[in-house]
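The model shown is predicted, which means the values in this text are computed figures rather than measured ones.
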Amino acid sequence: MIQELLEGTSINSMICTNFIHCRSSTARSFSNSWFGTGNGTSQDLRPQCAGIETKIAFCPLGKTWNEQACSHAHDAGIQCTTTSIDLSNIRLIDGKYPGMGKVEIKYNKRWGSFCWKRWNEQNTKVLCRMLRYSHTVGKAFSSPRNKSAISIGSLRCQGQENNIGLCKAHLDKETCNEEAVGVDCTGNMQVRLKDGQTIYSFEGVEGRVDIYDGHNWGSLCDNSITIEQAKVVCSTATGYSDTQPIFYHLTVPEFHSVAFSVDSLTCGGWEEHISQCTFTKTGSCSVHFTHVKCFQDCVTVYSNVSTGDITSNNYPKPYEPDVDCLYIIKPSTGIYKLEFLDLQMADSGDFVQVNTF
């Protein structure tokens with residue numbers, strides 16, 4: 001047994017990390033044989049852990065083994081209590097669309113991935129529920145680790161947890177390889193914008209809101225939707241979640257046949273994918289459907305180009321305020337470099353986002 005000098009949180013946290021859970025454990029130490037006396041020889045080792053070690057064997061010792069024994073009356077104890085992991089410490093990256101990607105966790109202030117070898121269906125269920133995809137069945141897949149370090153060797157969830165911080169995790173990565181865990185929490189739900197009023201409807205950034213429920217395509221009825229719901233629609237359909245979309249109504253009937261119609265869509269505005277929202281189906285919404293324009297009237301398409309310049313509206317004067325612009329480049333086959341020159345942001349909230357498809 002280790003003698004009772006387990007002072008502070010560093011050694012406690014390390015022991016909980018080593019034997020019980022990953023870093024989401026909160027540790028508390030107990031002295032004077034709180035849990036009863038042990039058997040064998042008690043060692044006065046005085047471990048000096050920093051709290052970042054993955055095994056107690058990696059901690060320097062204040063005293064060497066067998067240097068001094070102590071009474072079992074002073075046996076130390078540890079209590080490990082699991083705590084939830086904040087959503088800011090979990091992310092999905094390198095996915096084709098929101099709600100899909102390689103799973104990464106921030107551990108010791110660094111982002112790392114999960115070992116694919118021991119991942120199971122229960123882990124996927126809990127992770128997707130934690131990311132607030134509670135209406136779909138997620139799927140896991142093997143994702144190349146690339147430059148991402150493996151942080152968690154294995155995770156064991158029962159399936160009923162709401163946060164992976166409440167699951168058991170092990171940091172032993174000896175059997176891991178170049179495969180990391182990827183998940184798709186969307187349940188194959190999709191959104192497309194089709195049959196719009198502008199030429200950009202062919203680029204999928206403007207048009208009638210069609211929703212795929214994983215089996216069939218349906219359309220959103222022409223009810224009054226909010227800007228929060230329109231943002232989620234655009235995020236799912238285009239991958240851009242920070243635009244200021246507008247929705248409009250057609251003055252003429254739209255004869256469009258679908259397997260089902262969506263009577264109401266409920267989103268809070270925080271969602272990145274429509275599968276995080278709730279909706280109700282109806283048999284038909286007659287001949288009137290909802291239409292959304294994700295980028296207002298600032299869309300430019302460059303097709304079959306090998307070189308050229310892209311400039312913002314009004315350049316070299318300042319660009320228009322409160323306008324989201326989309327530039328679609330469709331070059332011929334080859335390798336290209338995108339270089340930004342004379343780029344100046346007019347406001348702290350402005351940014352440039354580059355996506356590849």
Side-chain angles (χ1 to χ4, degrees), residues 17 21-24 52-55 58 85-133 136-157 163-165 167-190 235-236 238-242 272-273 275-276 327-340 351-357:
T17 298
H21 298 275
C22 62
R23 187 60 64 190
S24 63
I52 62 173
E53 298 85 352
T54 58
K55 293 184 178 181
F58 297 153
I85 295 176
D86 190 82
L87 283 175
S88 63
N89 293 322
I90 290 287
R91 67 183 184 185
L92 303 180
I93 66 169
D94 301 334
K96 295 180 180 179
Y97 41 80
M100 174 193 181
K102 180 170 62 178
V103 185
E104 286 197 336
I105 183 172
K106 184 180 283 189
Y107 178 75
N108 286 338
K109 299 181 180 181
R110 295 183 177 181
W111 287 102
S113 52
F114 289 76
C115 181
W116 167 251
K117 194 168 185 179
R118 296 186 182 90
W119 190 266
N120 60 41
E121 182 179 342
Q122 302 306 317
N123 297 342
T124 303
K125 182 184 299 184
V126 175
L127 177 64
C128 289
R129 184 185 300 128
M130 173 183 175
L131 295 177
R132 299 188 284 190
Y133 288 86
T136 56
V137 178
K139 292 184 179 180
F141 57 89
S142 171
S143 177
R145 181 172 67 86
N146 296 330
K147 296 182 180 180
S148 176
I150 298 290
S151 294
I152 307 299
S154 65
L155 184 71
R156 289 189 297 174
C157 297
N163 189 292
I164 62 171
C167 304
K168 289 186 176 181
H170 297 275
L171 304 181
D172 187 355
K173 302 176 281 288
E174 294 181 0
T175 61
C176 299
N177 50 32
E178 295 301 310
E179 295 179 296
V181 174
V183 298
D184 184 348
C185 296
T186 66
N188 199 28
M189 288 188 62
Q190 303 172 43
S235 176
T236 308
T238 70
Y240 296 97
S241 58
D242 294 309
E272 62 178 3
H273 195 277
S275 59
Q276 296 173 298
Y327 303 94
I328 301 173
I329 306 174
K330 297 182 177 181
S332 53
T333 303
I335 299 176
Y336 296 87
K337 180 176 73 171
L338 189 62
E339 186 176 11
F340 290 91
F351 63 93
V352 174
Q353 179 178 341
V354 179
N355 286 357
T356 57
F357 300 95

Exercise. Would T124 and W119 count as a side-chain hydrogen bond (donor to acceptor under 3.5 Å, both in side chains) if you check the C-alpha gap in whole Å, the side-chain angles of each, and the deciding distance to 0.1 Å?
Worked result: CA-CA 8 Å; T124 303; W119 190 266; 2.8 Å; yes
For this session: In sequence, state the C-alpha distance, the side-chain angles, and the governing distance for V183 and V181, and then conclude on side-chain contact (heavy atoms from CB on, under 4.5 Å).
Result: CA-CA 7 Å; V183 298; V181 174; 4.2 Å; yes
For this session: Please step through side-chain contact (heavy atoms from CB on, under 4.5 Å) for the pair D242 and F351, ending with a clear verdict.
Result: CA-CA 10 Å; D242 294 309; F351 63 93; 3.7 Å; yes
Exercise. Is there a side-chain contact (heavy atoms from CB on, under 4.5 Å) between Y327 and V352 once you walk through the steps?
Worked result: CA-CA 11 Å; Y327 303 94; V352 174; over 6 Å; no
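For K109 (side chain) and Y107 (main-chain N/O), no donor-acceptor pair under 3.5 Å exists by modelled atom type. Listed for the S113 side chain is a donor-acceptor partner under 3.5 Å among the backbone atoms of A149. Distance alone, capped at 3.5 Å, places no donor-acceptor pair between the D184 side chain and the K139 backbone. Side-chain N or O atoms of N123 include one that pairs as donor or acceptor with a backbone N or O of C157 at under 3.5 Å.
You'll find the side chain of K102 stays beyond 4.5 Å of the side chain of F141, heavy atoms only. Counting heavy atoms from C-beta outward, F114 and I150 have side chains that stay 4.5 Å or more apart. Under the 4.5 Å side-chain criterion, counting only non-hydrogen atoms from C-beta, L155 is not in contact with R118. At least one side-chain heavy atom of V126 sits less than 4.5 Å from a side-chain heavy atom of C167.
Here the closest heavy-atom approach between residue A169 and residue I152 is recorded as CB-CG2, 4.1 Å. The minimum heavy-atom distance linking S235 with P98 is given by the pair O-CG, 3.6 Å. The heavy-atom pair separating G165 from N163 by the smallest distance is N-OD1, 2.7 Å. Between M100 and K96, the shortest heavy-atom distance links the atoms SD-N, 3.9 Å. Annotation for S88 and D86: closest pair OG-OD2, 2.5 Å, computed over non-hydrogen atoms. Residue L131 comes nearest to I90 through the heavy atom pair CD2-CG2, 3.9 Å, listed as atom of the first residue, atom of the second, then distance.
A distance of 7.5 Å separates CD in Q190 from NE2 in H273, rounded to the nearest 0.5 Å. Separation of atoms CG (L171) and OG (S154) is listed at 8.5 Å; rounding is to 0.5 Å. Within the model, atoms CD of Q276 and OG1 of T136 stand 8.5 Å from one another, a figure rounded to the nearest 0.5 Å. Rounding to the nearest 0.5 Å places CG of N188 at 10.0 Å from OG of S275.
Using modelled atom types, one finds no donor on one side chain facing an acceptor on the other under 3.5 Å when comparing W111 with S148. Side-chain contact of S142 with E179: a donor-acceptor pair under 3.5 Å is present, judged by distance alone.
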Between side-chain atoms of residues 333-340 and protein atoms elsewhere (two or more places apart, or another chain), which donor-acceptor pairs fall under 3.5 Å?
| unit_1 | atom_1 | unit_2 | atom_2 | d |
| --- | --- | --- | --- | --- |
| Y336 | OH | S332 | O | 2.9 |
| Y336 | OH | S332 | OG | 3.1 |

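Annotation for R110: atom CZ does not count as buried by contact number, only 12 or fewer foreign heavy atoms lying within 6.0 Å.
Every pair passing salt bridge (Lys or Arg N to Asp or Glu O under 4.0 Å) that includes a residue from residues 144-157 is listed here, sequence neighbours excluded: R145-E178.
Of the options T186, T238, T236, a side-chain contact (heavy atoms from CB on, under 4.5 Å) to Y97 is made by T186 and by none of the others.
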